[in-house]
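Input: a single structure, listed below in structure tokens.
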Amino acid sequence: MTNATEAEQTTTGAGPIERWEVIVIGAGLSGMYQLHRLRQLGFKAHVYEAGGGVGGTWYWNCYPGARFDSESWTYGFSFSKELLRQWNWAEHFSGQPENLRYCNLVADMFDLRRDITFGARVKSAEWDEAANEWEAVFEDGRRARARYLITAIGPLSAPTMPAIEGIGDFQGEAWHTGLWPHEPVSFAGKRVAVIGTGASGVQAITEIAKTVGHLSVFQRTPNWCAPLRNSRIDAEIMNRIRAKYDEIFARCRETYGCFIHDADPRNALEVSTEEREALFEKLYNEPGFAFWQGNFRDVLINKAANDMMTAFVVKKIRARVKDQKVADKLIPTNHGFGTRRVPLESGYYEVFNQPNVELIDLRETPIERITAKGIKTSDAERHFDMIVFATGFDAITGAFDRIDIRGRAGKRLKEKWADGPRTYLGLQVESFPNMLTLVGPHNAATFCNLPRCIEQNVEWVSDLLCYMRERGLTRVEATASAEAAWTAHVHETAARLLLMQVDSWMTGVNKNVAGRHKRTFMAYAGGAPKYRQKCEDVAARGYEGFVLV
Ligand code: NA7
């Protein structure tokens, strides 16, 4: 580990301990802003980051084709006018290399690296009741202590390999999209397999298909995709965007998911067929999440409305894929449009018109095992030079589970959350005093244009720490009843969504991870404005629902 130069050090029998007021785990967007904000407020805070650089998602997910699905100019931080002035977006939906450059600019501009230790993966974190502080132990055995522990570990940061027999046997190149090498990977002339057709798979497949020798896509469940419709931003457009930043961020504050898009106030079932088709057509031709987030207000809660939207997209897929037998396979049959996270695509369907691309439907011919040379399905063994695992993440609680987090009386967070997360505001957990969970489960940020909600989370947590410091308080913990009420509210709010009837990472189902087979709701579906209001009300009432001592 490097860089932790300013820590106070104490030495115990088990070796030196770095001491801070606040430990932040993770140097992605939330960890970086949290560090900046706390330092501004005079706290001695330090970030421990497992990776070799800042950026979190944008550091790890450097697979070909990785890019924003949010409009770039709605995604950047809004807290610094100087940052908004200096940074120019080159595309409306910026790609990973540019996004990582942006993260590095943030780190440079606010001189964050001097308070970040890289290559420090937290193995365990334990609450010390007597000392009223947390102790983090790193994989290399080093330790750090602080009064507050802030997790900034991201909702999709624990990549999962598929539970397929023989996974370790393959002799060729093998990469997971979420652990992609930072060096260039060539596909030219190679026989490449991609397993997985979620948002990462759809982006990677489209890009790999441009240069690959032969591509085999292994699809277990097709997803409904919508066109991204990306385009360049020149200097003139950038200046126009810059002039409207206040307006853009104000708009994002009002919408359900802090995107620039918000639901049409009409119900799909109330309008004429012509009106309905006209809106579908208009939105399908717009960039980004317009079709998903800007559609009629009932399409994600009313099955009949959703069926209409779904039927519209079926026609689009059929028109784009030449072989209708292949189109049949690409059209989802077990869920309606928008009831899983919608991958945004730039020519994905046309990839399957290429003669060097084949689609293997795992519902017809399941994978039996991975072999030294390739993948064996029930009908054949295919040989590959490379397998790309676009198999997703142990979402939202997975990154917590990978750390042995123990609260009061040795209570394990993993056990507490075994049947699904329980939190207060998605920011705090009973029995885990002084632990704050940025973008944690049951937090609106997990269902949001992330930086918009990250700013809210960070500012709320920072205000709480200031409030406590001003009053000489040293401990904050959610009450069991506040936690129970919030958790019940999260589930009530989600119950009306059609997505609750479908297995996905949003409903906590991951067939590759033991114990993740029961549907639960991982995010908060009441929308960002309601969530923000609730957090503000709690603070205004002296942090109602928390015990502060
Ligand atoms: P996702 O959306 O969880 O997608 C993972 C994909 O991998 C999905 O198609 C899975 O099929 C497939 N998968 C997983 N395990 C297997 C096995 N064992 N065999 C075959 N196929 C498998 O992850 P992404 O990385 O694409 O996206 C995550 C989020 O990141 C995304 O939503 C954005 O918000 C950013 P399944 O559907 O489970 O049948």
Side-chain angles (χ1 to χ4, degrees), residues 28 56-58 60-63 65-70 75 93 96 99 154-167 175-180 193-206 216-226 228 257 259 288-289 292-293 329-330 332-335 338-345 348 359-370 375-378 387-396 398-399 439 445-450 453 499 502-514 516-517 519 522-523:
T57 288
W58 302 110
W60 295 104
N61 288 270
C62 53
Y63 62 84
R67 64 175 59 252
F68 290 154
D69 286 337
S70 308
Y75 187 97
F93 299 89
Q96 178 274 335
N99 305 344
L156 295 159
S157 58
T160 47
M161 291 297 274
I164 301 175
E165 214 186 309
I167 189 107
W175 311 112
H176 190 289
T177 49
L179 293 168
W180 199 262
V194 178
I195 303 180
T197 50
S200 305
V202 165
Q203 288 182 334
I205 288 161
T206 311
S216 302
V217 175
F218 291 81
Q219 172 193 266
R220 185 166 67 182
T221 313
N223 280 303
W224 296 104
C225 306
L228 176 67
F259 294 100
F289 282 139
W292 188 26
Q293 297 283 314
K329 294 179 184 174
L330 288 166
T333 49
N334 70 343
H335 66 286
T339 59
R340 295 176 116 203
R341 207 300 203 162
V342 174
L344 294 186
E345 50 84 27
Y348 176 66
L359 178 66
I360 295 129
D361 187 339
L362 300 178
R363 295 166 299 182
E364 289 169 6
T365 54
I367 296 179
E368 287 181 350
R369 59 173 297 125
I370 291 182
I375 299 173
K376 183 170 179 332
T377 51
S378 59
I387 302 179
V388 174
F389 294 99
T391 45
F393 302 88
D394 187 5
I396 303 181
V439 198
T446 43
F447 223 41
C448 186
N449 187 6
L450 264 166
C453 286
L499 69 78
V502 183
D503 287 349
S504 75
W505 64 260
M506 294 196 282
T507 53
V509 177
N510 187 330
K511 296 178 188 123
N512 299 314
V513 182
R516 295 270 195 269
H517 51 275
R519 276 185 214 148
M522 292 292 207

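These numbers come from a predicted model, not from an experiment. Counting convention: from 1, in listed order, for ligands and their atoms alike.
Among protein heavy atoms, the minimum distance from atom 9 (O) of ligand 1 is reached at Thr197 N, 2.9 Å. Closest to atom 18 (N) of ligand 1, if we only count protein heavy atoms, is Pro162 CB, 3.2 Å. Ranking protein heavy atoms by distance to atom 27 (O) of ligand 1, first place goes to Ser200 OG, 3.7 Å. The shortest contact between atom 4 (O) of ligand 1 and any protein heavy atom is with Gly198 CA, 3.6 Å. For atom 34 (O) of ligand 1, the closest heavy atom belonging to the protein is Arg341 NE, 3.0 Å. Closest protein heavy atom to atom 3 (O) of ligand 1: Trp505 CD1, 3.6 Å. Of all protein heavy atoms, the one closest to atom 23 (O) of ligand 1 is Gly392 CA, 3.2 Å.
Residue Thr221 touches ligand 1 through backbone and side chain together, judged by heavy-atom distances below 4.0 Å. With a 4.0 Å cut-off on non-hydrogen atoms, Asn510 does not touch ligand 1 at all. Contact annotation: for Ala390 versus ligand 1, heavy atoms closer than 4.0 Å belong to the backbone alone. At a heavy-atom distance under 4.0 Å, only side-chain atoms of Arg340, from C-beta outward, approach ligand 1. By the criterion of a heavy-atom distance under 4.0 Å, neither the backbone nor the side chain of Thr160 is placed next to ligand 1.
Taking the side chain to side chain contact (heavy atoms under 4.5 Å, CB included) definition, one finds that Val502 meets it with His335, Thr339, Arg340, sequence neighbours left out. With sequence neighbours excluded, the residues forming a salt bridge (Lys or Arg N to Asp or Glu O under 4.0 Å) with Arg341 are Asp69, listed by chain and number.
Looking at Lys511 next to ligand 1, no N or O pair under 3.5 Å apart turns up. Of the polar atoms of Asn512, at least one N or O is found under 3.5 Å from an N or O of ligand 1, judged by distance alone. Between Ala199 and ligand 1, a contact under 3.5 Å exists for at least one N or O pair.
Distance check, rounded to the nearest 0.5 Å: NZ of Lys376 to CZ of Arg369 gives 9.5 Å. Taking CZ of Phe393 as the reference point, atom OG1 of Thr160 lies at 8.0 Å (rounded to 0.5 Å). Of the inter-residue distances, the one linking Ile167 atom CD1 with Ile195 atom CD1 reads 6.5 Å to the nearest 0.5 angstrom. Here CG of Leu228 is found 12.0 Å from CZ of Phe68. Values are rounded to the nearest 0.5 Å. Atoms CG and CZ, from Leu499 and Phe447 in turn, are 5.0 Å apart once rounded to the nearest 0.5 Å. Atom OH of Tyr348 and atom CG of Asn223 lie 8.0 Å apart (nearest 0.5 Å).
For the pair Gln219 (side chain) and Asp361 (backbone), a donor-acceptor distance under 3.5 Å is absent. A donor-acceptor distance shorter than 3.5 angstrom exists from the side chain of Arg67 to the backbone of Phe93, with no hydrogens or angles considered.
Each of the following atoms of ligand 1 lies closer than 4.0 Å to a heavy atom of Gly196: 6 (C), 7 (O), 9 (O), 12 (C). Taking a cut-off of under 4.0 Å to the non-hydrogen atoms of Leu156, the atoms of ligand 1 that pass are 29 (C), 30 (O), 34 (O), 35 (C). Under a 4.0 Å criterion applied to the non-hydrogen atoms of Leu362, ligand 1 contributes the atoms 20 (C).
Distances shorter than 4.0 angstrom do not occur between any heavy atom of Phe218 and any atom of ligand 1. Residue contacts with ligand 1: Ile195 is included, with a non-hydrogen atom under 4.0 Å away. Within the structure, the closest approach of Thr177 to ligand 1 does not fall below 4.0 Å when heavy atoms are considered.
When the heavy-atom distances from atom 11 (O) of ligand 1 to Arg220, His176, Arg363, Gln203 are ranked, the shortest goes to Arg220.
Inter-residue side-chain proximity for Asn512 and Met161 is flagged as unmet; no heavy-atom pair is nearer than 4.5 Å.
In this structure, Phe289 and Phe259 have perpendicular ring planes: the angle between them is above 60°, well past the 30° mark.
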Thr377 vs Phe218, test: side-chain contact (heavy atoms from CB on, under 4.5 Å). Steps then yes/no. CA-CA 10 Å; Thr377 51; Phe218 291 81; 3.8 Å; yes
